[in-house]
Amino acid sequence: MGVKWQVFYDKFITKEAWRTVVDGLWATIEIAVLGLIIGIIIGTVIAMIKMIPKYKTAPKVFSAICDVYVGFFRGTPIISQLLIGYYVLMPALGLNINNVTVAIIVFGMNSGAYISEIMRSGMQSVDPGQLEAARALGLGYWVSMLKVVIPQGIKNILPTLGNEFIALIKETSVVSMIAVVDLTKAFRQIGDSSYEYIIPYTILAAVYLVIVFIISRGIKLLERRLAKVDRSH
Amino acid sequence: MIEVIDLKKAFGSNNVLNGITETINEGEIVAVIGPSGSGKSTFLRCLNCLEDPTSGSIIFEGKDLADMKVDINLSRRHIGMVFQQFNLFNNKTVLQNICMAPVYIANSDLRKVKRTNRKNKFLNLFRKKKVEMLEITAEKKQIKLEAEANAMRLLKRIGLEDKANAYPSTLSGGQKQRIAIIRALAMNPKVMLFDEPTSALDPEMVGEVLDLIKAVAEDGMTMVIVTHEMGFAREVANRVFFMDEGIILEQGTPDEVFNHPINQRLKDFLSKVI
Ligand SMILES: Nc1ncnc2c1ncn2[C@@H]1O[C@H](COP(=O)(O)OP(=O)(O)OP(=O)(O)O)[C@@H](O)[C@H]1O
Ligand SMILES: [Mg+2]
């Protein structure tokens, strides 16, 4: 073990591999956080479109487009979405975007598909009387949803959203497929270049655990804060 | 004030309203009574198109609300509604509950005026005959302050000004319903619709809510009230509709309907509830 630690220490400190690890950690967090934000926005919009009473304003076309979107992103592996985004769409569209941005967009669009379902169940858990009361005051559908229904819906699905975020953090480990150096890739590079895997991979798992633990705690705190809002005064 | 012409509503194959033609005049207080499932709530909810009529017309301020092309949101500003379950916004304080719609609507109107002015200012450069700028009566900040002042005045009226910053979950049913009523009043509606406003209340809280409705009625508000409180209907209403199986089977002054009912079904109904 002593020798192995020595090898790892050489690599990590003396050869400054920690810099790659920090960059990788940053990439992982960046992709997961921004992906989640994009996902929440996309998911909310889809959920709202799907909930407009069909016979009225909402052209069924929009709803159908949403179905195709959700179907695609839930029906194909995230890896293939990354590969298509980076190696097929980007060159085809003549875009020159760096691979981290592509990863953020793909993860955002992917989680948007999942979050739309979560969001819909959240909105459906809100008493329909809330929307009716807002509409009866003369507010439009979108404003009423944004100001009254969604804030209450999000509160109901906070734990599920938290799980989605945790899943996202872990799933980002596939971004090395499009040459992003994330947390996983950074540790793999240490292992690959020193032929010593036990320590880097164990630490890698520990780092993910710590991140997930921090997120879980954060969500719990947020839930408690929001629950208080209703009861205080 | 509201003219209902041959209003019909079906949920699938269930014909709930079977052709209602009635005019509700300005200042009138109409009580709607009838057995459960007769379509009272559906009738009321059609008046502001919370339920879209299957056919027929609802004429309000010269517009047919049943017409899908009419901007229903504009008309709803002038039709207040009070629900059986209060439906205060759970995520907002009492003050926010009252101010949200007036503030949002005033702000969105303000944005519209400003947009029009910007457009006209630009187009005026090319116009021989200049178009006048629209007047801006209040800026954003002022809109909010005025709405809050108005909300506090209304809260004071019902003696709940100390609850301004409370959330609905901390209030009693009677308090919630009274706040729901002034939330509707804060829009300065021309008519108010009540759907069994006291049915979800504990008996000891019914009085305070009925008193407030009475006070609003005395201010001259036009009202349509679906109610099971026959005593209240008799006392407050100018006119009573008796609904059964989706039509208004009999209507008249409270004296006519309660003391001299003609239709057998109305007689049966009254003998059961009184
Ligand atoms: N959204 C809806 N979808 C389907 N059917 C409905 C809907 N709303 C009402 N109905 C039906 O319409 C009929 C009349 O209902 P409505 O609520 O208007 O009666 P009501 O006179 O208000 O009764 P109550 O005194 O119990 O409130 C009932 O048979 C009910 O099942
Ligand atoms: Mg009813």
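Quantities reported herein were computed from a predicted structural model and do not represent experimental measurements. Here is how names work: the chains are called A, B, and so on, in the same order as the sequence lines, proteins then strands, and each is numbered from 1.
Between A/R135 and B/N73 the shortest side-chain heavy-atom distance falls below 4.5 Å.
Nearest heavy atom pair, residue A/P151 against residue B/N91, reads CB-ND2, 3.4 Å. Considering every non-hydrogen atom in both A/A136 and B/N48, the closest pair reads CB-ND2, 4.0 Å.
Within a 6.0 Å sphere centred on CD of B/E61, heavy atoms belonging to other residues, nucleotides or ligands number more than 12. Residue A/W26 qualifies as open at atom CH2: its count of foreign heavy atoms under 6.0 Å is 12 or below. Annotation for B/K144: atom NZ does not count as buried by contact number, only 12 or fewer foreign heavy atoms lying within 6.0 Å. Residue B/M205 qualifies as enclosed at atom CE: its count of foreign heavy atoms under 6.0 Å is above 12. Dense packing is recorded around CG of B/D219, with more than 12 heavy atoms of other residues, nucleotides or ligands lying under 6.0 Å away. Within 6.0 Å of atom CZ in A/F213, 12 or fewer heavy atoms from other residues, nucleotides or ligands are found, so the atom counts as exposed in its surroundings.
Contacts with chain A were tallied for B/I79, B/V82, B/L88, B/L193; B/L88 has the most, counting heavy-atom pairs under 4.5 Å. Chosen from B/K92, B/Q85, B/M81, B/R183, the residue pairing most often with chain A at heavy-atom distances under 4.5 Å is B/R183.
Going from atom CG of A/L137 over to atom CZ of B/F89 covers 5.0 Å, rounded to the nearest 0.5 Å. Atom CG of B/D195 sits about 10.0 Å away from atom CD of A/E132, to the nearest 0.5 Å.
For a residue to count as touching a neighbouring chain, one of its non-hydrogen atoms must lie under 4.5 Å from one of that chain's; by this rule A/V143 touches chain B with the side chain only.
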Inset, instruction - Begin with the C-alpha distance, continue with both residues' side-chain angles, and end with the deciding distance and a verdict on side chain to side chain contact (heavy atoms under 4.5 Å, CB included) for B/N87 and A/D127. - result: CA-CA 9 Å; B/N87 294 352; A/D127 171 14; 3.9 Å; yes
